[in-house]
Engineer: 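Supplied in structure tokens, the structure appears directly below.
Whatever order the structure lists ligands and atoms in, that order sets their numbers, starting from 1. Sequence positions, counted from 1, serve as the residue numbers for this chain.
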Amino acid sequence: MLDKINRIKEDASRFKAATQDELEEFRLKYLSKKGQLNALFDEFKTVAGEQKRELGQKLNELKNLLAETFEHYREALDSETETVRDNDLTRPGESIPMGSRHPISITRNEICDIFTRLGFTIAEGPEIEDDWHVFSALNFPKEHPARDMQDTFFITKNPDVVLRTHTSSVQVRIMETTQPPIRMIMPGRVFRNEAISARAHCIFHQVEGLYVAENVSFADLKQTLLFFTKEMFGEKSRIRLRPSFFPFTEPSAEMDVSCTCEGKGCNLCKGTGWLEIMGCGMVDPNVLDNCGIDSRKYSGFAFGMGIERIAFLKFQIKDIRMYFENDVRFLEQFAAAGF
Ligand code: PHE
């Protein structure tokens, strides 16, 4: 039996496998159920007591050698097949799924693009703000009920620290640090403490705009917004301005855009033929003065719109919550929309 063990040992140490087939042959010959190793173990059961110790040890050594040899070549051959596969230039490529832009980003980029072509530049500011930039500088008197129009989130015990309810705060920051002419738009995320429904969310996005220079008039505002509307919704679109109120503009207006149903009546415009899309007005002289701009020399207009709402119209989306769920089935529909 010792002879047999030694012979196999010698064979195994000389063994080399160049292919999977050779290795399989090795496995069958020595390591399989009916292989030589098992046969030796069977034979070992009949060995007399005094030889058991020495033979047992040898047999175990052989078993380890065979297993190691097999493992060694199995690994080597496996990595070789992998390399061959990796180098196969005819192998079909694996397709990588392309992401798509979020409808809010698409719409924001398009709005920014239109105003950039009119010479507006883009400004951004902090989402966590102080009372001055969100309210006081914008002519909201302390305790004034107009503050209730925007349900504010306070994030500390300090009532001076708020999440901005509109990006008008960025207009204040710009006017405080820049003298006219100013022609800028402010895209950004805003926060209002509102119950979440199909039409409202506590987080949404705005693009606001500001133009301050000498002799800026309401006609400039109207023409700018008309240009924007035609670029955004098509040449046929019309606009309508209705009187409104904002503490920071005087006069103030709400702008409607004509509905694609042409007034025939549809769900979107509820039969009125008009859709409200933004607030606007002439910057209140108090606001200019609050920010260090001489209101006797300069005038300006401002406007602000919700991106979610514009995207509703652009993509016929009916529920604002879809923007925030990030369901891939919803998002991938915008892959072709560009921007
Ligand atoms: N800041 C206003 C809002 O968030 C929008 C607005 C901006 C209105 C500028 C008029 C002028 O509701």
Side-chain angles (χ1 to χ4, degrees), residues 104 108 111-112 115 120 122-127 129-141 144-153 162-175 182-194 199-212 216-218 220-226 228-229 239-257 275-288 290-291 293 295 298-310 312 320:
I104 296 298
R108 183 203 51 214
I111 298 169
C112 290
F115 283 106
F120 284 75
I122 294 169
E124 289 186 340
E127 294 178 347
E129 266 292 6
D130 52 29
D131 180 278
W132 171 256
H133 290 95
V134 179
F135 295 122
S136 298
L138 288 162
N139 222 17
F140 285 83
H144 192 280
R147 290 188 185 215
D148 292 345
M149 277 164 68
Q150 309 195 338
D151 311 276
T152 314
F153 276 120
V162 303
L163 294 183
R164 66 179 180 197
T165 57
H166 50 184
T167 54
S168 303
S169 53
V170 186
Q171 306 195 5
V172 175
R173 288 185 178 273
I174 296 296
M175 287 190 284
I182 298 170
R183 206 189 284 139
M184 285 184 168
I185 51 169
M186 301 80 191
R189 194 157 54 155
V190 300
F191 309 84
R192 290 185 197 179
N193 191 1
E194 284 189 40
R199 307 300 289 172
H201 207 288
C202 56
I203 301 174
F204 59 101
H205 301 77
Q206 281 189 328
V207 178
E208 295 213 348
L210 175 71
Y211 178 33
V212 184
V216 177
S217 72
F218 201 89
D220 296 326
L221 169 63
K222 198 172 161 187
Q223 202 55 35
T224 305
L225 297 184
L226 182 62
F228 164 74
T229 307
I239 59 169
R240 171 173 92 168
L241 292 163
R242 285 177 291 107
S244 184
F245 170 79
F246 298 101
F248 36 90
T249 46
E250 181 60 36
S252 304
E254 208 91 56
M255 190 186 96
D256 299 341
V257 55
L275 297 154
E276 180 188 323
I277 61 163
M278 70 171 99
C280 59
M282 301 306 292
V283 181
D284 192 301
N286 276 347
V287 175
L288 295 176
N290 283 344
C291 299
I293 291 175
S295 62
Y298 297 109
S299 55
F301 66 69
F303 56 87
M305 66 193 105
I307 302 181
E308 277 76 0
R309 205 172 159 75
I310 307 274
F312 271 160
I320 196 169

Engineer: Taking the ring of Phe246 and the ring of His166, is the distance between their centroids below 6.0 Å?
Structural biologist: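 Not close enough - the centres of the two rings lie 6.0 Å or further apart.
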
Engineer: Would you mind running through ligand 1 and noting each atom that sits below 4.0 Å from a heavy atom of Phe303?
Structural biologist: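 Ligand 1 atoms under the 4.0 Å threshold to Phe303: 7 (C), 9 (C), 11 (C).
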
Engineer: Identify, by atom number and element, the atoms of ligand 1 in contact range of Ser168, meaning under 4.0 Å from any of its heavy atoms.
Structural biologist: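 Per the distance check, 1 (N).
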
Engineer: Out of all atoms in ligand 1, which are within 4.0 Å of some heavy atom of Ala302? Include the element for each.
Structural biologist: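 Those qualifying, in numeric order: 9 (C), 11 (C).
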
Engineer: Please lay out, stage by stage, how Phe204 and Val190 fare under the test side-chain contact (heavy atoms from CB on, under 4.5 Å).
Structural biologist: CA-CA 6 Å; Phe204 59 101; Val190 300; 3.5 Å; yes

Engineer: Would you check whether Thr249 has a nitrogen or oxygen atom less than 3.5 angstrom from a nitrogen or oxygen atom of ligand 1?
Structural biologist: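 The answer is no, given that Thr249 and ligand 1 share no N or O pair closer than 3.5 Å.
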
Engineer: Do Glu208 and Gln171 make a side-chain contact, defined as non-hydrogen atoms from C-beta onward lying under 4.5 Å apart?
Structural biologist: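 Result yes, sub-4.5 Å side-chain heavy-atom pair found.
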
Engineer: Treating Arg192 as the side-chain partner and Thr165 as the backbone partner, does any N or O pair qualify as donor plus acceptor under 3.5 Å?
Structural biologist: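 Yes; at least one donor-acceptor contact below 3.5 Å.
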
Engineer: Leu225 and Ile239: which non-hydrogen atoms are nearest, and at how many Å?
Structural biologist: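 So the minimum-distance heavy-atom pair works out to C-CD1, 4.3 Å.
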
Engineer: Flag Arg192 as yes when one of its N or O atoms lies below 3.5 Å from any N or O atom of ligand 1, and as no otherwise.
Structural biologist: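 Between Arg192 and ligand 1, an N or O pair is found under 3.5 Å apart.
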
Engineer: Between Phe228 and Phe120, does the ring centroid distance fall short of 6.0 Å?
Structural biologist: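 Between Phe228 and Phe120, the centre distance exceeds or equals 6.0 Å.
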
Engineer: Ignoring hydrogens and geometry, is there a side-chain-to-backbone donor-acceptor pair from Asn193 to Asp151 under 3.5 Å?
Structural biologist: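 Side chain of Asn193 to backbone of Asp151, a donor-acceptor pair under 3.5 Å: no, none is there.
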
Engineer: Touching ligand 1 at all, Phe248? Heavy atoms, strictly under 4.0 Å?
Structural biologist: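 It does, in that a heavy atom of Phe248 comes within the 4.0 Å cut-off of ligand 1.
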
Engineer: Say whether Gln206, considering both its backbone and side-chain N or O atoms, lies within less than 3.5 Å of an N or O atom on ligand 1.
Structural biologist: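 Among all N and O atoms of Gln206, at least one is under 3.5 Å from an N or O of ligand 1.
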
Engineer: Is it the side chain (CB and beyond), the backbone, both or neither of Glu208 that lies under 4.0 Å from ligand 1, heavy atoms counted?
Structural biologist: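 Under 4.0 Å from ligand 1, Glu208 contributes side-chain atoms alone.
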
Engineer: Near Cys280, which atoms of ligand 1 are under 4.0 Å from a heavy atom of that residue?
Structural biologist: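 Under 4.0 Å from Cys280, ligand 1 has these atoms: 8 (C), 10 (C), 11 (C).
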
